[in-house]
Amino acid sequence: MTVAPPPREVFIQGITQDGRSFRPSDWAERLAGAMSCFRPGGVRPGIGAHIGYSPLCVPTVINGVKCVIVNEELRRLEPMAWDFVMNFARDNNLQVADACLLPDGKPGA
């Protein structure tokens with residue numbers, strides 16, 4: 001039995017290839033907000049269902065740099081949404097890194 005590797009994450013960083021900070025300053029929240037409806041299991045019905053980011057596309061700050069962490073599962077769930085975020089990064093000349101965000105915790109815990 002072959003076990004599939006866990007989905008990777010892609011970090012879209014708010015720094016251009018030439019080292020400048022990307023503007024506007026809320027770009028990460030805007031991009032993640034546009035992807036908020038792409039969730040495992042689909043959109044949730046009811047009041048407040050539209051509030052919050054998709055776990056597949058989350059804005060964050062890492063080492064003082066705004067980023068959007070995009071889970072590769074988005075590619076399987078909705079290829080056009082994946083293409084949208086990756087094209088956004090490419091069109092805006094943003095740095096992109098394949099990585100995996102580790103949960104907070106003590107080493108060895």
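Quick caveat: nothing in here was measured; it's all calculated off a predicted structure. Values below: all heavy atoms of this structure, side chains included; hydrogens, waters and symmetry mates excluded.
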Next item on the list: Mind listing the closest non-hydrogen atom pair of Gln95 and Thr16 along with its distance?
Entry: NE2-O, 3.0 Å

Item checked: Phe84: side-chain contact (heavy atoms from CB on, under 4.5 Å) partners, not counting sequence neighbours -> Leu31, Met35

Checklist line | Smallest separation among heavy atoms of Gly14 and Val65, with atom names | finding: N-CG1, 3.8 Å

Check: What is the distance from atom CG of Leu56 to atom CZ of Arg76, rounded to the nearest 0.5 Å?
Finding: 9.0 Å

Margin query: What's the separation between atom CD in Glu78 and atom SG in Cys57, rounded to the nearest 0.5 Å?
Written below: 13.0 Å

Next item on the list: Return each pair, listed once, that meets salt bridge (Lys or Arg N to Asp or Glu O under 4.0 Å) where at least one residue sits in residues 62-71; pairs must be two or more places apart or across chains.
Entry: Glu29-Lys66

Next item on the list: Determine, using the 4.5 Å side-chain heavy-atom cutoff (strictly less than), whether Val58 and Leu94 are members of one ILVMFWY cluster.
Entry: no

Notebook entry, point to check: Using 30° and 60° as the class limits, which term best fits the ring planes of Phe88 and Phe22: parallel, tilted or perpendicular?
Noted result: perpendicular

Check: Tell me, which pairs form a salt bridge (Lys or Arg N to Asp or Glu O under 4.0 Å) where one or both residues lie in residues 11-28, sequence neighbours left out?
Finding: Asp18-Arg20, Asp26-Arg30

Check: Residues in ring pair (Phe, Tyr, Trp, His ring centres under 6.0 Å) with Trp82, at least two apart?
Finding: none

Next item on the list: Output the distance between atom OH (Tyr53) and atom CD1 (Ile69), rounded to the nearest 0.5 Å.
Entry: 12.5 Å

Check: Are the side chain of Ser21 and the backbone of Ile15 linked by a donor-acceptor contact shorter than 3.5 Å?
Finding: no

Check: Tell me, do Val68 and Trp27 make a side-chain contact under 4.5 Å, heavy atoms counted?
Finding: yes

Margin query: On a heavy-atom basis, which atom in Pro59 and which in Ala32 lie closest, and how many Å separate them?
Written below: CD-CB, 3.3 Å

Notebook entry, point to check: Can you name the side-chain contact (heavy atoms from CB on, under 4.5 Å) partners of Asn87, sequence neighbours left out?
Noted result: Asp83, Arg90, Asp91

Check: Can you name the nearest heavy-atom pair linking Leu77 to Phe38, along with the distance?
Finding: CD2-C, 4.2 Å

Next item on the list: Taking side-chain contact (heavy atoms from CB on, under 4.5 Å) as the test, write out the residues that go with Val96, two or more places apart.
Entry: Val10, Ile12, Met86, Ala89

Notebook entry, point to check: Do the side chain of Asn71 and the main chain of Glu73 share a donor and acceptor less than 3.5 angstrom apart?
Noted result: yes

